[in-house]
Amino acid sequence: MAAFTELVFSGVQPTGNLHLGNYLGAVKRFVEMQARDAQCLYCVVDLHAITVWQDPEALRGQIREVTAAFLAAGIDPAQSIVFNQSQVPQHAELAWVFNCVARLGWLNRMTQFKEKAGKDRENASIGLYDYPVLMAADILAYRATHVPVGEDQKQHLELTRDIAQKFNTDFGSSIAAHGHGETFFPVTEPLIGGPAARVMSLRDGSKKMSKSDPSDNSRINLTDDADTIAQKIRRAKTDPEPLPSEIAGLKDRPEADNLVGIYAALAGITREDVLRDFGGAQFSAFKPALADLAVTSLGPIAGEMRRLTADPGHIDAVLADGAGRAETIAAQTLDAVKDIVGFVRRGPSLQTVR
Ligand code: AQP
């Protein structure tokens, strides 16, 4: 592997209804990361998807659809490593080691589990509870230094950092004895930010735009056509006031703030820039401008996704190639982890990973 200064990892679940929040909070930023001096790995996290029930045939299609979205948005599979998680067994293997490092008390604090399990906690899968540990394994199997994600993943990334630090401390002398210096896993940097780190529902500015919202009008799907996008923006909940000229004027106006953030992220400008252009405008003027921008930005992606998903063989070949390249890196990490932990394994003990 060429020497890069950064190693970037991120994933998206193939759970259907890929939406504008996933695009602006994650996929668009994955594309931007390719301009950095970084080896980027982008993963369709299918092991995470089955923490809640997935119809097997639908799941296969959804894995290909997320891959198509990656490619259509501009991820270059020759430059970045694009793959699905279940093809690289080291993710699950490292997750087991981390299950023995992470503490129950840490997982009990995870708010996403509480939200997703809801009142029926006893009936949630163990996988849903353990989700953040598998996520730590996804990231650290590559010893990734940077992880671009939406704001909802902040707490999970803090847990990844805790697991890395505890592993480095618990196994400190073994890490040194195997020639890795003082630490083996990096303390990963989350990259959360920009005007669309948390895109909200179009129907309720207090709720995150989400795949599982029963109302399709709450989100813009990446596969929506131009008319549907325009209609959803026209119907988006707003308040009766015109847009303010200053950011402070968006306080306590979650729906207005959300639409301004979406405009800024799509146009690649700041919220301040948007208010400079639209301050004082009514939503009847702002919404058509936003709809035009959304259609121009997302239309070509939807078209390319349709073209790509019509050829599943090509998508499967991209995933197989990416999985092979990912496994080469992850296998080295796992060999070193086994030596550090004290397992006996086939092949000579590694002194260094790189
Ligand atoms: N509303 C959002 N705004 C900004 N970023 C978002 N992300 C998700 N929703 C928003 C980011 O998208 C990436 C992939 O997310 P995921 O597929 O792994 O799962 P998720 O966060 O659980 O997505 P949803 O839509 O919210 O699904 P459900 O409804 O199942 O909970 C991540 O980087 C995430 O931060």
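Just so you know, ligand 1 is whichever comes first in the structure, and atom 1 is the first atom listed for that ligand. Nothing here was measured: the structure is a model prediction, and the numbers come from that model.
Sorted by chain and number, the residues within 4.0 Å of ligand 1 by heavy atom are G11, V12, Q13, H19, G21, N22, G25, A26, K116, V149, G150, D152, Q153, A196, A197, R198, V199, K208, M209, S210, K211, S212.
With sequence neighbours left out, K28 forms a salt bridge (charged side-chain N to carboxylate O under 4.0 Å, His left out) with E32. By the salt bridge (charged side-chain N to carboxylate O under 4.0 Å, His left out) test, K116 pairs with no residue at all, sequence neighbours left out.
Of the residues R271, R198, K251, the one that meets the salt bridge (Lys or Arg N to Asp or Glu O under 4.0 Å) test with D257 is R271.
Counting only residues at least two apart or in different chains, side-chain hydrogen bond (donor to acceptor under 3.5 Å, both in side chains) contacts with residues 126-139 comprise Q13-Y131, H48-D138, Q85-D138, H91-D138, N99-D130, N108-Y129.
The aromatic rings of F167 and F184 sit tilted relative to each other, their planes meeting at an angle between 30° and 60°.
Looking at S206 and D204, their side chains do bring a donor and an acceptor atom within 3.5 Å of each other.
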